[in-house]
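This report concerns only the one structure given below.
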2 protein chains.
Amino acid sequence: MRVRLEDVARAAGVSPKTVSRVLNDEANVRGPTRERVLAAMAAMDYRPHPSARSLASNRSFLVAMLYDNPSSNYLTEIQAGVLDACDLHHYSMMVRPLLSEAEDFLERVGTLISHHRPDGLILTPPITDHPALPALLREQGVPYASVSPKQRDGAIGVGMDERLAAREMVNHLIALGHRRIAHVIGHPAHGASGWRLAGYSDALAAAGLPFDPALVIEGEFSFGSGVAAARRLFSLARRPTAVFAANDDMAAGVIWAAGEHGLSVPRDVSVCGFDDTPISRQIWPAITTIRQPSREMGRIAALQLLDVMRGRGQGRMVEVPFALQLRESTGPLPTAAPEAG
Amino acid sequence: MRVRLEDVARAAGVSPKTVSRVLNDEANVRGPTRERVLAAMAAMDYRPHPSARSLASNRSFLVAMLYDNPSSNYLTEIQAGVLDACDLHHYSMMVRPLLSEAEDFLERVGTLISHHRPDGLILTPPITDHPALPALLREQGVPYASVSPKQRDGAIGVGMDERLAAREMVNHLIALGHRRIAHVIGHPAHGASGWRLAGYSDALAAAGLPFDPALVIEGEFSFGSGVAAARRLFSLARRPTAVFAANDDMAAGVIWAAGEHGLSVPRDVSVCGFDDTPISRQIWPAITTIRQPSREMGRIAALQLLDVMRGRGQGRMVEVPFALQLRESTGPLPTAAPEAG
DNA sequence: TCGCAAATTGACAGCGCTGTCATTTTCCTC
DNA sequence: GAGGAAAATGACAGCGCTGTCAATTTGCGA
């Protein structure tokens with residue numbers, strides 16, 4: 001038979017309620033008493049019955065993670081991080097894919113809440129930016145934390161400084177001696193595209209390099225758009241010696257096009273991306289890119305949420321550090337072909 | 001205040017127990033009674049309290065999905081399918097990453113079971129093939145279903161005929177006129193490698209083509225191993241006109257190496273892969289490959305499990321159909337370079 | 001050492017549902 | 001139409017825990 005709280009109480013010589021207090025880390029339990037109870041719990045390998053706890057306390061010990069994101073790599077990482085945090089505090093996690101554009105989106109969230117009664121929600125992009133969701137959650141009294149929301153003020157969760165990351169990526173190219181550095185912009189609808197372009201400009205300006213519109217080409221985050229952009233860049237009379245693509249897929253496309261033009265990467269041209277998706281390691285040369293600590297971000301968002309849920313604080317917006325992943329696709333300025341024409 | 005089962009009972013003019021019977025789809029409720037209850041439930045928008053149900057019935061209405069798989073695309077799809085099935089029967093799903101090679105693997109599974117008390121488990125590769133897990137689960141009385149286990153006899157779950165799929169892939173190449181068809185084998189430790197190689201042989205034999213060991217090269221499922229294998233193949237005096245790689249990463253490597261050798265795909269050489277991972281669409285030309293209906297497979301595995309859990313049957317091993325994804329990397333035999341030397 | 005507030009502990013009911021078993025109703029068969 | 005089996009329904013306790021509030025113990029100043 002399963003060990004119950006009552007059994008622990010008997011073994012420790014206290015009332016069930018006291019065991020409950022220890023279990024829930026409540027105040028007003030004397031040190032020695034607490035230790036006796038903890039010892040008994042450990043000795044009997046006691047596991048509280050989650051349903052009984054929920055029923056009695058009207059909490060579910062459940063965190064639901066909402067997503068509508070085609071990038072499974074990203075999602076799986078975030079999910080793993082959220083799980084890490086949930087495990088730490090003995091919460092469960094459920095995942096829920098949703099279509100944020102669908103008409104019945106809010107209704108579905110409502111159903112989720114009334115059905116599973118999660119104690120809190122983790123929102124991931126683009127659900128983070130849904131205009132009407134915050135009102136619904138406030139009304140239902142369900143706390144939530146967001147991962148990389150566009151609007152950071154007043155939000156609880158986690159984010160990364162993409163603009164600064166892009167800037168440092170370009171700084172890296174400049175440090176390698178590059179002066180003619182091209183940029184392939186991402187899909188115009190994504191906030192990330194703007195942040196990354198801004199970081200590119202920041203770096204050029206800081207290094208006193210001119211911003212040359214001919215070197216800035218619009219892509220749309222796809223491999224094919226990277227190929228197309230690179231074909232234009234490599235056909236220029238004074239072609240760039242380095243290309244910063246706004247994501248890894250486009251960087252892979254640029255590398256492809258380089259091969260097409262008889263250019264060796266990184267000997268003749270350096271290429272870098274953003275996101276550190278698997279494709280950056282699956283092709284050769286492996287792409288220098290920016291890594292988001294996605295798992296860590298999931299963990300942090302969940303920890304902020306748990307703080308709020310457990311009444312341990314207000315929660316805040318945490319900024320995490322990015323990391324340059326230096327790989328084989330970037331190298332020193334080609335000496336045989338100095339950029340000064 | 002929340003609507004409870006008792007409220008529904010009062011509204012329908014029956015006892016709570018009868019409402020419970022309707023809720024759980026039990027026998028021995030007269031048609032009209034059932035309808036009255038269902039009507040009352042709908043009118044009051046009744047949602048059973050999951051914890052109360054669990055506590056009273058000693059079931060958790062929870063399915064846990066165990067994984068230890070680096071391919072997030074695959075996982076996310078399987079997960080979505082499992083969720084589909086769980087939603088259908090009002091079960092919740094939790095996900096749990098594990099290290100199947102870790103020493104404490106079994107212990108961790110035990111902890112999961114005693115902590116969350118799932119009513120059933122979904123196992124995904126390679127956890128499906130863990131030698132000691134079935135014994136533990138039987139001992140704990142936790143039913144489970146497997147996705148693509150090596151050992152199919154007596155197992156419950158879902159699988160795909162990879163050997164036949166490989167055979168049809170090669171048949172496609174033969175139908176295009178190819179006669180010198182190479183194969184890049186996968187990592188020797190994976191069962192899939194053997195199945196796919198066998199399918200390759202089957203197709204050759206059925207077409208009366210010789211099996212040429214020089215055209216069969218060991219890879220290890222990585223991009224790099226595909227490049228290495230292709231370099232050897234393209235250096236042969238009589239090089240193959242088509243290459244069937246055992247997965248998409250290696251196919252991408254083969255395409256890369258083709259460019260290196262000045263070969264155009266598919267004009268000079270056709271290349272195909274297996275798995276339909278994103279890389280098959282992210283590079284150019286997009287790779288002809290085999291699609292596993294992963295989401296459907298997750299759904300089916302979960303449905304089999306639910307059948308068992310709900311005492312609706314024994315469950316069985318379902319075989320799902322694969323699908324050839326014809327893309328741009330395969331084409332007719334080059335007319336300028338007939339294989340007859 | 002006594003008295004009182006504060007800290008600690010415990011008794012008990014009840015969270016919302018289902019299992020068990022008793023009771024009532026229905027449906028046959030003769 | 002009576003009798004009996006089977007089907008349908010209901011009464012009631014209790015799943016394992018926590019909230020509320022009462023009882024007890026402790027700590028501390030006078």
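Letters A, B, ... mirror the listed sequences (proteins, then strands); counts begin at 1.
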Output all residues satisfying salt bridge (charged side-chain N to carboxylate O under 4.0 Å, His left out) with B:R10, sequence neighbours left out; order by chain, then residue number.
B:E6, B:D7
With sequence neighbours left out, which residue pairs that include part of residues 146-156 of chain B fulfil the salt bridge (charged side-chain N to carboxylate O under 4.0 Å, His left out) condition?
B:R152-B:E319
Got a sec, which pairs hit ring pair (Phe, Tyr, Trp, His ring centres under 6.0 Å) with one end in residues 21-47 of chain A, sequence neighbours left out?
none
Quick one: salt bridge (charged side-chain N to carboxylate O under 4.0 Å, His left out) pairs with a partner in residues 99-118 of chain A, sequence neighbours left out?
A:D104-A:R108
Residue pairs meeting side chain to side chain donor-acceptor pair (under 3.5 Å), one or both in residues 125-142 of chain B, sequence neighbours left out, come to none
For nucleotides 17-24 of chain C, read 5' to 3', which letter fits each nucleotide if B means a protein heavy atom sits under 4.0 Å from the base, S means only the sugar-phosphate is that close, and - means neither?
BSBB----
Do A:M65 and A:M94 have side chains that approach each other closer than 4.5 Å (heavy atoms only, starting at C-beta)?
no
Using five base pairs at each end to define the local axes, how bent is the helix from C:dT1-D:dA30 to C:dC30-D:dG1, to the nearest 10°?
30°
Report, one line per pair, each donor and acceptor closer than 3.5 Å where one atom sits in a side chain of residues 35-44 of chain A; sequence neighbours left out.
residue, atom, partner, partner atom, Å
A:R36, NE, A:A12, O, 3.0
A:R36, NH2, A:A12, O, 3.4

With the threshold set at under 4.0 Å for non-hydrogen atoms, list the residues of residues 27-42 of chain B touching DNA chain C in residue-number order.
B:R30
So, using side chain to side chain donor-acceptor pair (under 3.5 Å) as the criterion, who are the partners of B:R21 when residues are at least two apart?
none
Output every pair passing salt bridge (charged side-chain N to carboxylate O under 4.0 Å, His left out) with a member in residues 85-97 of chain A, not counting sequence neighbours, ordered by first then second residue.
A:D87-B:R96, A:R96-B:D87
For B:D161, check side chain to side chain donor-acceptor pair (under 3.5 Å) against everything at least two apart and list the hits.
none
